[in-house]
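This is a predicted model, so every value here is computed, not measured. Letters go in sequence order (proteins before strands), and every chain restarts at 1.
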There are 2 protein chains.
Amino acid sequence: MSNQPNTRTRRRRGSAQPTLKEVAEAAGVSSITASRALNTPERVSEAARARVLQAVERLGYVPNLVAGSLASASSRFIAVIVPSLANAVFIEVIHGLQETFEAQGYQILLGNTDYDPQREYQLIRTFFGWSCSALVTAGLRHSGPCRTLLEGWEQPIMEVMELGQALDLNVGLDHRDAGRCMARHLLERGHRAIVYVGAGMADDYRAGLRYDGHREVLEGQGLAAPCLDIGRPGGLDAGARGLELALEHHPGIAAIHFANDDLATGALLHAQRRGLQVPGQIAIAGFNGLPLGQHVTPRLTTIQSPRHTIGRLAAEEVLRRLAGKAVRRRQHDVGFTLLEGEST
Amino acid sequence: MSNQPNTRTRRRRGSAQPTLKEVAEAAGVSSITASRALNTPERVSEAARARVLQAVERLGYVPNLVAGSLASASSRFIAVIVPSLANAVFIEVIHGLQETFEAQGYQILLGNTDYDPQREYQLIRTFFGWSCSALVTAGLRHSGPCRTLLEGWEQPIMEVMELGQALDLNVGLDHRDAGRCMARHLLERGHRAIVYVGAGMADDYRAGLRYDGHREVLEGQGLAAPCLDIGRPGGLDAGARGLELALEHHPGIAAIHFANDDLATGALLHAQRRGLQVPGQIAIAGFNGLPLGQHVTPRLTTIQSPRHTIGRLAAEEVLRRLAGKAVRRRQHDVGFTLLEGEST
DNA sequence: TAGAACTATGTTAGCGCTAACATGACAGCG
DNA sequence: CGCTGTCATGTTAGCGCTAACATAGTTCTA
């Protein structure tokens, strides 16, 4: 199947958009000078720079970032993978990341696994195909193929939300410890019959870690630490259901430690509607410190997680690494704060 | 400055990642066949396809999407611009977009203007540089330079949230009409002294459109339609403040029509805490139909906006256009539903 | 049964940009 | 004054992939 060289001219494909070459011609410089005028202006004389910028303006030139990325083998994309957009927690982390990265000219590529580990692998493959400068992912647990891909990758990897054995960089908090903290608080307030209620803790395994801490404290006091998982991550509705189920399965219960504020607030509002006294008849605690919980009556007892800070710090750490500077810490504990409300 | 051709070989730049060419060699085909095996498998014999896929697997090949985009002048990126991530409304729209686009192999590029029109221009420039396949943006109002850029663009532009004079495609609802609807409802419930309370309506101008509708109805009945803007878009806190200010500035007020559910719920929870009867002493209405409002007691009267549907429909319409199929409608009214709660 | 139509595959030439190297001009220096 | 260093700019050669066109073999059609 040997072909003869084609001597006729082919039809061109390009669009009507002006290219850097045209800008350079208009400015009377070579294209590399035009490139430098835009990307590293300090390496070009003031005169040349001015003429290039003027030509850019006049022609309405918009740099083709795809071509630039191919040529430089780097894209100024930051891949961000979260398990859910429905959860305000991740939104705030994303916001913190976005602010910090965009200020440095990086663009976030957002991926949402919807708590499906398979999706993570797919997303990472796609993102690698975009020559991302770094990857930020929520959590430390990854599927086998995922780990293989990640370990073969040369760019910074930042795992956020929880602290632990990370692949590379790590910013988060100790969820087990947060669980312990709230369990201790509930004991201090005199509650003994305490149920931990989560939703989809197989997926939201950080809720499981908090339960582990919770149980450790209760069992340390010789108390039972029953756990109720009402299936699939959910919101206020799920909280209401959680309250009902907990009361049904555990009569004589004094307090419920919910896996998060959505559940806890849902339960609290439901208790109100049912006429149950909180914390008189049942104490309720949450986790996250969402604004919502601080506006209900009684105010929700919960643990404040510094979500925006996680995003900002993670971004700063990644940027420092990308700039080639030494990383202050590979691991960063952002801590948490117990918010003592009126619900416990 | 004439240079002699360089005859020495230069140092190569490429990374260690296998390329399509290597996959093709391993499979014993040309690179274009390997390309086709991956992108248009139906145009390749089964035998060749199998060998290519096997080579991909063996070498751990990850397609370089940057190179592919440059060569094909299209990136399968969808630019999405929203004014805020703090607002659950936009998150749900994004989710609807994401689900639908990702199923077709498109990747969303998310931009957040934080209600700054300048940022929109910057974001659009960047996104155009990525050869996006389409742009989805919240709202119909754009700065002058922005319009110029958009009008010169050849790809589909989808404006979502509100209905009106759009640049290209449009999916949303009539906010003025929603304002009218709620105003009528409040009149039906016998309220006469009604204040409209918003936060940052210069930025969140759709809240302003709803107020226009509200005023139209009230003034049509010979009633005053005072409006109170408490500055900067805000959440539950702002709602509490809005309630206080409204009571202060408008003694004798019977009802407050809030610009959104966050404000309304914040006010409602604050009223509870203050011991104000809702709707006995003060009626409260919102807009959006967020779950939160449906879980408080009394249940919030609000207008349900089909946010997820907006996202899904917008994506479907764009995909139809990208597939070259005729567009069913350039404009799509998703409507809204009055949720009569107990707060009015 | 000639030739049109279709199928599978290949060759070539870029896409628009930047890394690497090259060159000439000039300043500083012993 | 030649040498070295720095600066501004230029030439060249790709980055890895796919569109466009080319070519054989096969099947269908008149």
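- For DNA chain C, the neighbouring residues in residues 19-34 of chain B, judged by any heavy atom under 4.0 Å, are Val29(B), Ser30(B), Ile32(B), Thr33(B).
- In summary, Glu316(A) and Arg312(A) engage in a salt bridge, as defined by a charged side-chain N under 4.0 Å from a carboxylate O.
- Ring orientation note: the planes of His308(B) and His95(B) are nearly perpendicular, at an angle over 60° on the 30°/60° scale.
- A distance of 8.5 Å separates CD of Glu99(A) from CG of Asn112(B), quoted to the nearest 0.5 Å.
- Shown for residues 56-69 of chain A: residues whose heavy atoms fall under 4.0 angstrom of DNA chain C, namely Tyr61(A), Asn64(A), Ala67(A), Gly68(A).
- In the set dT18(C), dC15(C), dT9(D), the nucleotide with an atom closest to the side chain of Leu70(B) is dC15(C).
- With rounding to whole Å, Asn39(B) atom CG is found 8 Å from dA19(D) atom P.
- Relative ring orientation between Trp130(B) and Phe77(B) is described as perpendicular, the plane-to-plane angle rising above 60° on a 0-90° scale split at 30° and 60°.
- We find that CZ of Arg49(B) is positioned 12 Å from C1' of dA8(C), with the value rounded to whole Å.
- Of the side-chain N and O atoms in Ser35(A), none sit less than 4.0 angstrom from OP1 or OP2 of dC17(C).
- Across its full length, the helix from dT1(C)-dA30(D) to dG30(C)-dC1(D) shows an angle of 30° between the axes of its 5 terminal pairs at either end, rounded to 10 degrees.
- The distance from atom CZ of Arg43(A) to atom P of dA20(C) is 11 Å, rounded to the nearest whole Å.
- One finds a salt bridge joining Arg320(A) and Glu317(A) here, because a Lys/Arg side-chain nitrogen approaches an Asp/Glu carboxylate oxygen to under 4.0 Å.
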